[in-house]
Amino acid sequence: MNRDYEVMRSRRRTVSVEITKDLSVLVRAPKWMPLYEIDRFVEKNSKWIEDHMVKATIKKARRDAIDPISETELDRLKLEAKYVIPGRVRHYADMLGVSYGRITVRSQKTLWGSCSAKGNLSFNCLLMAVPGHIRDYVIVHELCHRLHMDHSPAFWECVSNIIPDYKACRKWLRNEGSLYM
């Protein structure tokens with residue numbers, strides 16, 4: 001059989017399919033799984049693969065059409081973020097009645113923000129390049145982790161109390177966010 005995909009084996013228990021940024025198909029599978037079962041899994045999910053390949057191709061074309069952010073621009077975004085984000089964090093922390101530790105601003109490849117168990121917050125400087133309401137959603141998301149260190153229904157209720165249209169913000173980050181990272 002002609003395999004149009006790469007297989008990555010590990011100690012995992014399940015099989016998954018991923019469309020990579022370079023538009024190749026990667027199948028993650030348990031070490032013990034025979035190749036014929038992996039082939040069957042790929043065949044069974046061929047419609048999903050085709051649909052997501054189309055989406056990934058469009059996303060890649062959009063990403064390729066955008067000029068990458070220069071080091072100078074990245075430095076400017078970091079400075080701006082260090083000035084703007086702490087004020088927004090204070091604002092929303094007061095609304096939520098939560099405390100927090102240090103705030104750091106980084107240039108990350110995959111995360112928009114994070115919250116440690118100690119309450120330290122980290123934000124991606126690229127938040128300064130996205131619409132303000134999206135930036136605020138990320139800040140509120142991380143601050144709600146001060147009350148709920150998970151993504152439980154209670155966590156999402158906390159987020160929705162401050163950002164009622166949080167689902168649209170999440171969708172925007174899924175669809176448009178990768179154009180910035």
Original post:
In Å, rounded to the nearest 0.5 Å, how long is the span from NZ of K109 to CG of N124?
Top reply: 10.0 Å
**OP:** Would you kindly confirm whether Y100 and M149 end up in one hydrophobic cluster when ILVMFWY residues are joined by side chain heavy atoms under 4.5 Å apart?
**Re:** no
Original post:
Taking R12 for the side chain and P30 for the main chain, is one N or O donor matched with an acceptor at less than 3.5 Å?
Top reply: no
Original post:
Which heavy-atom pair separates C158 from C144 by the least distance, and what is that distance?
Top reply: SG-SG, 2.6 Å
Subject >> Backbone N/O of N120 and side chain of R102: donor-acceptor pair under 3.5 Å >> reply: no
Subject >> Contact check, side chains of Y92 and M95, non-hydrogen atoms, under 4.5 Å >> reply: yes
Original post:
Between V105 and K78, which heavy-atom pair has the shortest distance, and what is it?
Top reply: CG1-O, 4.2 Å
**OP:** Treating Ile, Leu, Val, Met, Phe, Trp and Tyr as nodes and any side-chain heavy-atom pair under 4.5 angstrom as an edge, say whether L26 and I19 lie in one connected cluster.
**Re:** no
Original post:
Which other residues end up in the same hydrophobic cluster as V54, if Ile, Leu, Val, Met, Phe, Trp and Tyr are linked when side-chain heavy atoms come under 4.5 Å apart?
Top reply: I58
Original post:
Hey, quick one: are V25 and M8 part of the same hydrophobic cluster, counting side-chain heavy atoms closer than 4.5 Å, chains of contacts allowed?
Top reply: no
Subject >> Where L74 and C125 come nearest, the two heavy atoms and their spacing >> reply: CD1-SG, 3.7 Å
Subject >> Gap separating the CD1 atom of I139 from the CD1 atom of I103, nearest 0.5 angstrom >> reply: 8.5 Å
Original post:
Does the side chain to side chain contact (heavy atoms under 4.5 Å, CB included) test come out yes or no for I85 and L121, once each step is laid out?
Top reply: CA-CA 11 Å; I85 289 177; L121 304 172; over 6 Å; no
**OP:** May I ask you to decide whether K47 forms a salt bridge with D51, counting only side-chain N to carboxylate O separations under 4.0 Å?
**Re:** yes
**OP:** Evaluate the ring planes of F155 and H145, with Trp represented by its six-membered ring, and classify them as parallel (under 30°), tilted (30 to 60°) or perpendicular (over 60°).
**Re:** parallel
Subject >> Interatomic spacing from CD in E18 to CD in E6 - rounded to 0.5 Å >> reply: 10.0 Å
**OP:** Find out whether K21 and K60 are in side-chain contact, i.e. whether some heavy atom of one side chain is under 4.5 Å from a heavy atom of the other.
**Re:** no
Original post:
Below 4.0 angstrom, N of the basic side chain to O of the carboxylate: do E37 and R40 qualify?
Top reply: no
Original post:
Hey, any chance W48 and I38 share a hydrophobic cluster, counting ILVMFWY side chains that come within less than 4.5 Å of each other, even indirectly?
Top reply: yes
Original post:
What about H141 and Y137, are their ring centers closer than 6.0 Å?
Top reply: yes
**OP:** Ignoring hydrogens and angles, state whether a donor on the side chain of Y166 or R170 is under 3.5 Å from an acceptor on the partner side chain.
**Re:** no
Original post:
Is a donor on one side and an acceptor on the other found under 3.5 Å between the side chain of W156 and the backbone of H151?
Top reply: yes
Subject >> Pairs meeting criterion salt bridge (Lys or Arg N to Asp or Glu O under 4.0 Å) with involvement of residues 138-164, two or more places apart >> reply: none
Original post:
Any side-chain heavy atom of V130 sitting closer than 4.5 Å to one from W172?
Top reply: yes
Subject >> Interatomic spacing from CE in M33 to CZ in R9 - rounded to 0.5 Å >> reply: 8.5 Å
Original post:
Which atom pair, heavy atoms only, marks the closest approach of V27 to V15?
Top reply: CG1-CG1, 3.7 Å
Subject >> Step-by-step side chain to side chain contact (heavy atoms under 4.5 Å, CB included) determination, C169 to D165 >> reply: CA-CA 7 Å; C169 296; D165 68 336; 4.2 Å; yes
Original post:
Can W32 be reached from V42 by stepping across I, L, V, M, F, W or Y side chains whose heavy atoms are under 4.5 Å apart?
Top reply: yes
Original post:
Does any donor atom in the side chain of R106 or S122 lie under 3.5 Å from an acceptor atom in the other side chain?
Top reply: yes
Subject >> Close side-chain approach of F123 and V89, heavy atoms under 4.5 Å >> reply: yes
Subject >> Heavy-atom pair with the smallest gap, counting every atom of R174 and K59 >> reply: O-NZ, 3.1 Å
Subject >> Straight-line distance of L143 CG to H91 NE2, nearest 0.5 Å >> reply: 10.5 Å
Original post:
Hey, does I163 have a side-chain heavy atom less than 4.5 Å from the side chain of H133?
Top reply: no
Original post:
Got a second to check how far L77's CG is from L126's CG, nearest 0.5 Å?
Top reply: 6.5 Å
